Amino acid sequence: MTFENLNIIAPITQALKQKGYEEPTPIQEKAIPHLLKGSDVFGTAQTGTGKTAAFAIPILQKLYAGQADRKTAGIRALVLAPTRELAIQISESFTDYSKGLKLRHMVIYGGVSQNPQTATLRKGIDILIATPGRLLDLMNQGFVRLDSVEFFILDEADRMLDMGFAPDIKRIIAKLPARRQTGFFTATIPNEIRALADSLLHNPVMIHVAPLSAPAESVNQSVYYVEKADKRAMLQQVFESEEIETALIFTRTKHGADKVTRELIKIGISAVAIHGNKSQMARQKALQGFKNRTIKVLVATDIASRGIDVDKLSHVINFELPEVPETYVHRIGRTARAGESGTAISFCAAEERGSLKDINKLLPQSIEVKRMPGFIASQPSAAVEVEEKPRRPFGQGRPTQRPSAQNRPARPTTAGSNPFHRKRW
Ligand code: AMP
């Protein structure tokens with residue numbers, strides 16, 4: 001399959017070639033024809049699957065085709081995204097794909113002065129990419145009208161609801177024309193999402209891509225058992241023994257992210273922590289530094305990491321394992337994007353063995369356990385060993401200590417959210 005087979009016009013296919021896209025990803029192959037035909041689309045897909053291009057390409061192509069007979073100077077396509085980072089990335093994708101099309105797009109988000117944004121809006125734009133809060137602000141002040149919107153995309157809808165944007169989204173939707181085409185993208189489908197989709201979409205085509213298992217297959221995964229107190233020393237050893245080009249390191253807390261960052265800097269590795277306590281400026285600067293390779297390592301919490309999109313991330317390191325097993329799959333999906341291969345290394349302390357067990361249950365194959373020379377970790381108890389999958393090479397030596405189930409941190413229940421059990425469209 002090629003982009004030409006999908007009837008994408010030459011200026012766009014050329015731009016895609018320049019970006020190095022050789023063929024459409026599954027979500028692009030599935031969604032583009034329907035969006036070009038004019039259907040609404042309900043897509044379950046995550047960042048990392050190529051979903052931005054799946055909606056950006058048809059929007060650009062249709063707006064380009066309709067340019068001659070456009071009746072108003074208003075905004076023709078609206079893309080809503082939950083965070084500034086994601087909105088900026090989407091805007092950058094539009095910039096990349098629209099070279100030579102003479103369509104104007106812009107991105108608006110909060111936390112920065114609105115004046116440059118309103119100045120650009122006044123000049124007139126075709127495509128607006130926005131976070132809900134700032135959009136609503138500017139709508140209320142009369143800077144944005146949505147009555148000429150022909151295409152509406154709600155991206156990462158589940159995350160938007162999770163962040164408390166439901167009331168804002170509803171107010172925005174109320175101002176959209178009824179006659180429009182809508183694309184709705186979400187990674188998970190809790191009940192509120194289903195209800196929101198039902199209220200927004202008209203006879204939608206359902207598209208599902210299985211992103212959660214897909215990245216894992218091309219990711220070389222391993223786990224090291226390590227005492228909690230030895231993790232920082234082990235991290236240093238990983239940096240000494242592995243060819244690490246760029247790494248995203250996950251910690252459970254913001255404080256932990258700061259601590260790991262300081263340790264890395266101490267041993268001469270350029271690292272920045274990225275989390276909710278950092279200012280918008282600091283986060284943008286960190287991401288930019290990471291993209292242009294002046295920063296080698298980002299240390300992030302799960303929430304902060306979701307918007308991070310970097311091509312060819314060589315390593316993901318789980319300094320701490322997540323308590324929700326699906327999060328592991330999301331994390332490692334940050335490496336090995338779009339056909340590349342990548343490495344995911346996890347550290348597992350005694351008190352995280354329960355989390356590891358849950359993660360292994362979710363995966364088609366247990367993560368390979370490796371040993372780091374010079375590090376000895378306590379082994380799990382015999383009872384737990386029996387429950388584990390047979391392939392696991394635990395073995396030598398008897399356990400020293402393992403915290404009882406009551407002493408382990410409580411894990412949120414994930415019943416019903418196993419991506420491998422989820423109904424496919
Ligand atoms: P997204 O899921 O939209 O965030 O895209 C994930 C990554 O895949 C981005 O870095 C895109 O530049 C890249 N990408 C999207 N489509 C393709 C494609 N057809 N071929 C290669 N890379 C792609």
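Keep in mind the model is a prediction, meaning the values are calculated, not measured. First listed ligand is number 1; within each ligand, the first listed atom is number 1. FYI, side chains are in, hydrogens and waters are out, and symmetry mates aren't considered; it's all heavy atoms of this structure.
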Would you mind running through ligand 1 and noting each atom that sits below 4.0 Å from a heavy atom of [X]?
X: E23; value: 18 (C), 19 (N), 20 (N)
X: T52; value: 1 (P), 3 (O), 4 (O)
X: T25; value: 16 (N), 17 (C), 18 (C), 19 (N)
X: T49; value: 2 (O)

Legend entry - Any donor-acceptor N or O pair under 3.5 Å, side chains H105, T95: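 Side chains of H105 and T95: pair found under 3.5 Å.
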Inset, instruction - Would you check if there is a donor-acceptor pair between the side chains of T2 and N5 at a distance under 3.5 Å? - result: yes
Legend entry - Expected output: side-chain T182 to main-chain L201 donor-acceptor under 3.5 Å: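 Here the side-chain-to-backbone pair does not exist.
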Inset, instruction - Using modelled atom types only, decide if a donor and an acceptor are shared between the side chain of K51 and the backbone of E156 within a distance under 3.5 Å. - result: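 Looks like no, no N/O pair under 3.5 Å.
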Inset, instruction - Could you tell me whether G50 and ligand 1 have an N or O pair separated by under 3.5 Å? - result: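 G50 vs ligand 1: N/O contact under 3.5 Å present.
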Inset, instruction - Would you please determine whether Q89 falls within less than 4.0 Å of ligand 1 on a heavy-atom basis? - result: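 Per 4.0 Å heavy-atom rule, Q89 does not contact ligand 1.
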Legend entry - Contact partition for F3 relative to ligand 1, non-hydrogen atoms under 4.0 Å: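 Side chain only.
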Legend entry - Value rounded to 0.5 Å, distance of CD1 in I269 from CD1 in I267: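 Output value for this atom pair is 3.5 Å.
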Legend entry - Centroid separation Y224 to F375 less than 6.0 Å: no
